[in-house]
Amino acid sequence: MDEPNGSIRLGSENFDLPVILGTEGERALDTRTLRAKSGFITYDEGYGNTGSCQSSITFINGEEGILRHRGYSIEDLAAGSSFVETAYLVIYGELPGKERLHGFTEAIRSKAAVHASMNHHFEGFPIGAHPMAVLSSMLNSLGAYYPQMTTNNREQDLAHLDETAALLISKVRTIAAMTYRMQKGLPFVFPLEKEYTEEFLHMMFSKPHIEYVDECGAAKALDLFLMLHADHEQNCSTSTVRMVASGGANLFASVSAGVSALWGPSHGGANMAVIQMLEEIHASGDDGTRFIEAAKNREARLMGFGHRVYKNYDPRARILGKSAESVLDRIGIDDPLLDIAKRLERAALEDEFFISRNLYPNVDFYSGIILKAIGIPVEMFTVMFAIGRMPGWIANWKEIAENTKSRIHRPRQIYTGHTLRDYVPVEKR
Ligand code: ACO
């Protein structure tokens with residue numbers, strides 16, 4: 001959908017550039033030919049105003065707080081869909097009919113077990129290794145067991161995509177559970193071909209002789225958490241997946257890079273940071289007031305608040321905020337951290353500092369409270385995010401791989417280092 005009606009003035013010269021229109025009315029000036037025509041590149045450190053691709057997976061309107069996957073609102077999906085169905089939608093573009101959903105569910109269900117020799121990889125990690133380091137390494141290692149899916153030949157890797165997608169969505173959960181058990185010194189538990197989140201909870205918490213029983217709807221709460229993380233357009237980790245994919249790398253290598261990108265506290269690591277922040281506030285006896293002041297004085301960051309794209313309430317935070325209350329009610333936990341979170345939210349939403357900067361709760365603000373309530377340890381929180389984001393990474397890899405015109409991603413830079421200087425041998429330095 002191109003409209004050749006853009007132009008840019010540099011000095012005394014005008015350069016005509018096409019405008020690209022999205023289906024929701026977003027507009028971009030297509031600067032791909034600007035350097036060739038003018039010698040200028042565009043500069044946008046942090047890519048706050050740069051479209052890196054055209055994509056039909058997810059639409060976000062940050063000003064209005066809208067999130068849709070393939071045209072379906074996140075609120076409708078949260079009310080009626082499941083993680084596995086949403087994963088199918090995100091990857092394949094349409095809601096599956098009964099048969100397709102059954103086939104996809106079965107493919108995921110049947111692929112939960114990992115090759116027995118992968119246990120040796122786990123033994124190689126020290127106790128205390130960060131679960132995100134383990135997950136990233138293990139996803140890449142997993143690819144080594146499937147040479148037919150890791151050819152780095154687009155056509156061949158795409159020919160196996162259905163199998164690879166189901167396998168990754170399934171096994172990421174097994175690797176996560178195995179990581180947790182390794183850290184605890186517990187024996188691994190074999191999957192039993194249960195529903196997606198039930199299987200995960202079983203692999204996490206069953207004992208060799210006693211099967212985990214979900215008495216409080218933990219599987220349902222986890223399903224909602226995962227679904228709300230399924231995709232979020234060109235965030236840091238998804239852009240990383242696309243970047244790696246653009247060089248022709250296979251899906252395992254690309255999602256492994258995505259996990260590394262997700263790890264940071266400004267991105268997926270924020271869900272851990274939120275709970276740590278709430279615990280510190282609680283331990284210090286603060287009701288949140290002192291912390292808000294510290295955030296305003298830039299001595300602290302209110303984790304779980306603010307977003308590069310949302311300048312309004314993150315719709316996922318709204319859904320998770322409500323869910324956190326009902327999960328805690330069902331489990332019968334009275335978590336003081338939820339009260340602190342609610343107080344922080346109220347205080348921030350009424351404070352000029354946060355209002356003027358459009359800082360609202362993001363997806364991570366309440367998600368940790370839910371994960372904590374269902375027994376997931378804090379150090380596994382970002383891994384839970386990665387399990388949820390797997391469909392989005394797969395869908396974005398697929399979009400790159402299927403686009404025969406896609407080029408390797410290779411941004412330019414403005415060089416600010418030394419100009420040419422003479423080499424000085426070491427004895428003269
Ligand atoms: N607490 C206090 N002040 C904040 C916060 C916050 N959480 N977030 C932004 N600000 C302030 C900044 O200090 C800055 O103020 P200034 O203009 O007076 O200097 C202004 O708001 C803009 O902030 P930036 O950091 O420039 O915004 P950016 O878009 O680069 O960052 C980010 C977005 C990284 C999410 C940021 O809001 C943040 O660090 N939030 C806390 C971490 C977090 O929750 N991350 C999860 C994001 S969602 C996700 O990835 C799943």
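As the structure lists them, so they are numbered: ligands from 1, and atoms in each ligand from 1.
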List of N/O pairs, ligand 1 versus protein, all under 3.5 Å?
unit_1: ligand 1; atom_1: 1 (N); unit_2: L302; atom_2: N; d: 3.1
unit_1: ligand 1; atom_1: 7 (N); unit_2: L302; atom_2: O; d: 2.7
unit_1: ligand 1; atom_1: 7 (N); unit_2: F305; atom_2: O; d: 3.0
unit_1: ligand 1; atom_1: 13 (O); unit_2: R301; atom_2: NH2; d: 3.2
unit_1: ligand 1; atom_1: 15 (O); unit_2: R357; atom_2: NE; d: 3.2
unit_1: ligand 1; atom_1: 18 (O); unit_2: R298; atom_2: NH2; d: 2.2
unit_1: ligand 1; atom_1: 18 (O); unit_2: R357; atom_2: NE; d: 3.0
unit_1: ligand 1; atom_1: 18 (O); unit_2: R357; atom_2: NH2; d: 3.0
unit_1: ligand 1; atom_1: 25 (O); unit_2: R301; atom_2: NH1; d: 3.4
unit_1: ligand 1; atom_1: 25 (O); unit_2: R301; atom_2: NH2; d: 3.4
unit_1: ligand 1; atom_1: 29 (O); unit_2: R308; atom_2: NE; d: 2.8
unit_1: ligand 1; atom_1: 30 (O); unit_2: R308; atom_2: NH2; d: 2.9
unit_1: ligand 1; atom_1: 39 (O); unit_2: R301; atom_2: NH1; d: 2.6
unit_1: ligand 1; atom_1: 40 (N); unit_2: F305; atom_2: O; d: 2.9
unit_1: ligand 1; atom_1: 44 (O); unit_2: G304; atom_2: N; d: 2.8
unit_1: ligand 1; atom_1: 44 (O); unit_2: N362; atom_2: ND2; d: 2.9
unit_1: ligand 1; atom_1: 45 (N); unit_2: S266; atom_2: O; d: 3.1
unit_1: ligand 1; atom_1: 50 (O); unit_2: H267; atom_2: ND1; d: 2.9

Expected list for residues 326-333: side-chain donor-acceptor pairs under 3.5 angstrom, two or more places apart:
unit_1: S326; atom_1: OG; unit_2: S323; atom_2: O; d: 3.1
unit_1: R330; atom_1: NE; unit_2: C216; atom_2: O; d: 3.0

Could you pull out all donor-acceptor pairs under 3.5 Å where a side-chain atom in residues 169-176 meets a protein atom, sequence neighbours excluded?
unit_1: S170; atom_1: OG; unit_2: I108; atom_2: O; d: 2.6
unit_1: S170; atom_1: OG; unit_2: A112; atom_2: N; d: 3.2
unit_1: S170; atom_1: OG; unit_2: R173; atom_2: NH2; d: 2.9
unit_1: K171; atom_1: NZ; unit_2: K111; atom_2: O; d: 2.6
unit_1: K171; atom_1: NZ; unit_2: A113; atom_2: O; d: 2.6
unit_1: R173; atom_1: NE; unit_2: S170; atom_2: O; d: 3.1
unit_1: R173; atom_1: NH1; unit_2: Y196; atom_2: O; d: 3.1
unit_1: T174; atom_1: OG1; unit_2: A112; atom_2: O; d: 2.5

Task: With E63 via salt bridge (Lys or Arg N to Asp or Glu O under 4.0 Å) - residues at least two apart - done: none
- [ ] Kindly say whether N235 contributes a backbone atom to a donor-acceptor pair with the side chain of T238 at under 3.5 angstrom?
- [x] no
Open item on the list: Side chains of P391 and F83, heavy atoms from C-beta outward: is any pair under 4.5 Å?
Closed with: yes
Open item on the list: Check for me whether R318 meets the cation-pi criterion with Y313, that is, NZ or CZ under 6.0 Å from the six-membered ring centre and within 45 degrees of the ring axis.
Closed with: yes
